[in-house]
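Below is one structure, written out as C-alpha cells, with a few remarks after it.
Order of the sequence lines sets the chain letters (A, B, ...), proteins ahead of strands, with each chain counted from 1.
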Amino acid sequence: MSASLLDSLNPQQREAVTLPHQSALILAGAGSGKTRVLTTRIAWLISTGQVSPLGLMAVTFTNKAAREMLTRISAALPINTRGMWVGTFHGLANRLLRAHHRDANLPQVFQILDSQDQASAIKRLLKAMNVDTEKYEPRKVQWFINGHKEAGLRAKDVEVHDEHTRRLAEIFEAYDAQCQREGVVDFAELLLRSYELMSRNEPLRNHYQARFKHILIDEFQDTNPLQYRWLKLFAGPSTAMFAVGDDDQSIYAFRGAETANMREFEKEFAQGRVIKLEQNYRSHGNILSAANELIARNRERLGKNLWTDAGAGEPIRVFEGYGDQDEAGFIVDEVKALHREGLALSDIALLYRSNAQSRVLEHALFSSGIPYKVYGGLRFFERQEVKHALAYLRVMSFPDDDGAFLRIVNFPARGIGARSLENLQEAAKSGGVSLWVAAQAQSAGKRDAAKGLPAFVNLIEKAREACDGLSLAETLEQVINISGLADYYMNEKDGQDRIENLNELVNAAALFEQDAEVFPTPTLPTSGEGANAGPTPMSPPQPSPLRGEGTNAGSTPINDEGRSVMESFLAHAALEAGEHQAGAGTDALQLMTVHAAKGLEFHSVFITGLEEGLFPHEQSFADADGLEEERRLMYVAITRARRRLYLTHAQSRMLHGQVRYGLPSRFLSELPENLMLPLNKRSAAWAQEPAPAAYSGGGNQGAGGFSIGQNVAHPKFGSGVIVSFEGRGADARVQVRFRDAGVKWLALEYAKLSAA
DNA sequence: GCGTGACATTTTTTT
DNA sequence: AATGTCACGC
C-alpha cells in the first residue's frame with residue numbers, strides 16, 4: 001500500500017516523504033501539496049514500520065489543520081489515531097501540563113484563559129494594585145506580558161531601562177502570581193509553562209525525547225522563538241525533525257512569529273537538507289503569475305519559484321465600486337451568476353483584511369437570500385451566555401478561580417453590588433484566601449438567605465448536589481436552570497438567541513461526551529506508552545507520573561488524559577473557540593479574513609476592500625517589515641484561488657461610523673496589468689446613474705451639480721473622480737482623485753471642472 | 001443596589 | 001457602528 005501511496009507524488013514530494021531518518025526542511029510553496037506530503041510521510045513512516053503511531057509528534061497551528069491531518073491519517077491507515085500526539089502547539093502543551101500538572105505546579109483542574117478572560121483578569125489586577133489605567137492601558141499590559149512570554153521571558157527577565165518598564169514588570173509578576181493563585185493559565189503560559197517543565201525536569205525530558213522518533217511541524221514559518229525552543233526540548237539525539245513551511249506565507253509576525261526560525265532550523269537541524277516543492281497544483285497560470293510577481297517585491301525571502309503546468313486560465317477580474325455597498329452588490333451579482341452556472345457556493349470565498357468588513361457583505365448577501373457562512377468573528381465559546389454557563393461549571397469544580405467567581409457572582413443580578421464585592425475582596429486579601437472562601441465565611445449561618453452573597457454560596461452548593469452523578473450535558477442543563485440564566489434570558493427582549501445558544505451548548509456537551517465514550521480509557525495509552533517507553537523514574541510524589549494524574553476516585557467519567565470530562569470540555573472550550581455556526585452541511589458561501597483562509601482553497605475567490613489603509617492596513621505603514629507582511633498576506637489571499645480571482649475595491653466606505661475615501665490598494669498596481677480584466681463599474685445595473693442611490697441621498701449631493709462618485713475632467717489634471725466635497729455656493733470645494741495627478745481639493749468657482 | 005442614558009473610545013490579523 | 005465607562009436617579 002505504501003507504493004500506491006507514493007505513486008501519485010512528484011519526485012520532490014516523494015523525496016520528502018521517503019527521507020531517511022534525518023532532519024530536513026521542506027520549503028513548500030502555496031498549493032504545492034504541503035499537507036499531502038506531511039500526512040503521506042506520517043502514513044509512510046508508520047506503514048513501513050519505522051515508527052509506531054505513538055512514537056511521533058505532529059504539530060500544527062490551527063485546530064482545523066490538526067483535524068485535517070488526523071482525518072487523512074485515519075483514511076490512509078487502519079489505526080486508532082486517538083492518543084497520537086497530533087495537535088496544535090497549545091493543545092499539546094495543554095496535554096503535557098495536564099498529565100504532569102504536579103511537576104508543573106498546577107492544580108489538576110487548571111483553567112485556560114482566552115484573550116478576553118486574560119484581559120479581564122488584567123483589568124481586575126490593575127484595579128487591585130491601584131494602577132493608573134491611563135498610564136498603563138490594559139491592552140498594552142496584555143501585549144507586554146504576552147510578548148515577553150512568547151519570547152520565553154518571565155517578569156524577572158524583563159530588561160528594565162526606565163520606571164515605566166519597571167512598573168510593567170511588576171504588574172507582570174503580580175499577574176502571574178494571580179493566575180497561579182486562581183489556577184488559571186493563559187495561552188502563552190501554556191507554552192512557557194510546559195517549556196519550563198521540560199527543561200527543568202530531566203527524566204521527563206529524556207522520556208519524551210526517547211519516545212518521539214519523529215517530530216513533524218506544519219507551517220513552520222509561523223513559529224515564535226518560544227515554540228521553536230519548545231520543539232527542541234522534545235528532540236533527542238535520535239529524533240528526526242521534519243519542518244514544512246513557506247516564508248512567503250508568514251503572516252503572524254504580529255504575534256511573535258519569526259521567519260528567522262527557518263534559517264536557524266536549516267543550520268541547526270536540516271544541515272543543508274532542504275527540499276523545495278515548487279510545482280503548484282492548485283491555480284491556473286494567470287493567478288500564479290500574479291502571485292509570483294507580487295511577492296517578488298519583497299526583499300526578505302528564502303527564494304522559491306512556483307510554477308504550474310496548467311494553462312493560463314482566465315484573467316483576473318478587477319472591480320471598482322463607488323462605495324462598499326456597490327462593491328457588495330457587484331459581488332452578490334457575480335456570486336449568483338457563478339452559482340447559476342453550477343458552481344457550489346461553498347467553493348466560493350469572500351476574503352477581507354479585517355473582520356469588521358464582513359458586515360456590509362453579510363447585509364447584501366442576507367437581503368439577496370444567498371446562504372453564507374462567516375468564519376471567525378465572535379465565536380461560539382466566546383459568547384457571553386456561554387461563558388457565563390461555563391463559569392458556573394468552573395466555580396462548582398474549582399471555586400478558587402476568582403475570575404470565574406466574579407463573572408457570575410452577581411449574574412443574573414442577585415443583589416450583590418460593587419460595595420459588597422469590595423468588602424469581599426478586602427476580606428479575601430487580608431485573609432489570604434480566594435473570594436469563594438471569603439464568601440463562604442461571610443455566609444456562615446445564613447443558609448436560607450434569598451439575596452446577597454449567602455444566596456450565591458447556597459446556590460453553588462445546591463447546584464453541586466443536584467449535579468452529583470449526572471453527565472456533563474445533564475449537569476449543564478441543571479446549571480443553566482438553577483443559576484437563573486435561563487429565566488434571565490427568557491425575560492430579556494432579545495434573549496431568544498442566547499437561549500438557543502445555551503441549548504446548543506448542552507448539545508455540544510452531549511456530543512463531546514459521546515466522543516469521549518467511544519474510546520474508553522483503558523485502550524487509550526497516554527504519554528507513558530510510547531513504542532518503547534518503559535516506565536521512567538520520576539519525582540517522588542507521583543506514583544506513575546507518565547500515566548497521567550489522579551485516577552479520580554469519584555464517579556465522574558474519566559477520559560484519555562485521566563481527567564474528568566468536564567475539565568476536558570472546559571479546556572476544549574478555551575482552546576477551540578469553535579465554529580458552532582448554523583448551517584453545517586448546507587451549501588454556503590464562505591466569508592473569512594485572509595488570515596483565516598490560509599491553508600484553504602476555492603474555485604473562485606473575491607479579495608475585497610483593496611484600498612490603501614485597509615489592505616495594506618494603515619497600521620502597517622510605519623515600517624517596511626509591516627508592509628512586507630501585508631504583501632505576504634495578499635500573496636496568501638491570491639493563492640487561495642484555483643480558477644477565478646476577483647479583486648474589488650470601493651471609492652468610499654463606512655468605517656467606524658464615518659464615510660472614508662480610500663485610494664486603490666498599492667497591491668493592485670503591483671500586479672501585472674496584462675493579466676487583469678478591469679470590469680467597468682458602469683456596466684453593472686445598479687450603477688447606471690451617475691450618482692448611485694447610496695450617496696445621492698444623505699446630503700451628499702454636491703454643489704454646482706456635481707456629486708460624489710462622479711467622473712470629471714480637468715484641463716490640467718486630466719480625468720478623475722469626485723471623492724468628497726465641502727462648503728456650498730461660492731465656497732464649495734470638491735476633492736477629486738485624478739487618475740494621474742493624485743488627490744486634489746479644488747474650488748468649484750475657479751476650477752474648470754467638467755463632467756466626463 | 002441597580003438600571004438607564006449620556007459620553008467616550010476604539011478600529012488587524014489568532015492560539 | 002459598537003462597545004465600554006461613568007454618573008445619575010430610582
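Using modelled atom types, no side-chain atom of A/H101 and backbone atom of A/L97 make a donor-acceptor pair closer than 3.5 Å.
Ring-base stacking between A/F254 and B/dT13 is satisfied, the centre separation being under 5.5 Å and the plane angle under 30°.
Within 4.0 Å of A/Y252, counting heavy atoms only, lie sugar-phosphate atoms of the nucleic acid but no base atom. Among the atoms of the strands shown, none is found under 4.0 Å from any heavy atom of A/D114. Within the nucleic acid shown, A/F187 comes within 4.0 Å of at least one base atom, counting heavy atoms only. Using a 4.0 Å heavy-atom criterion, one finds that A/I416 contacts the sugar-phosphate atoms exclusively. Using a 4.0 Å heavy-atom criterion, one finds that A/R414 contacts the sugar-phosphate atoms exclusively. Using a 4.0 Å heavy-atom criterion, one finds that A/S420 contacts the sugar-phosphate atoms exclusively.
Comparing the C1' positions of B/dT11 and C/dC6 gives an interatomic distance of 22 Å, to the nearest angstrom.
For the OP1/OP2 pair of B/dT11 and a distance below 4.0 Å, the side-chain nitrogens and oxygens of A/R139 include at least one atom meeting the criterion. OP1 or OP2 of B/dC2 lies within a sub-4.0 Å distance of a side-chain N or O belonging to A/N410. A sub-4.0 Å separation between OP1 or OP2 of B/dT15 and a side-chain N or O of A/R379 is present. Contact check, A/N355 against B/dT13: a side-chain N or O comes under 4.0 Å of OP1 or OP2.
The local environment of CZ in A/F621 is crowded, with over 12 non-hydrogen atoms from other residues, nucleotides or ligands closer than 6.0 Å.
Classification of the A/W85-A/Y208 ring pair by plane angle, with boundaries at 30° and 60°, yields tilted.
Between A/L421 and A/L575, the residue anchored nearer the 5' end of DNA chain B, judged by the nucleotide with its closest heavy atom, is A/L421. A residue-by-residue look at A/L655 and A/Q227 shows that A/L655 has its nearest nucleotide of DNA chain B further toward the 5' end.
Results of the side chain to side chain donor-acceptor pair (under 3.5 Å) test with A/K34 over A/T39, A/D218, A/D246 single out A/D218 as the only residue that passes.
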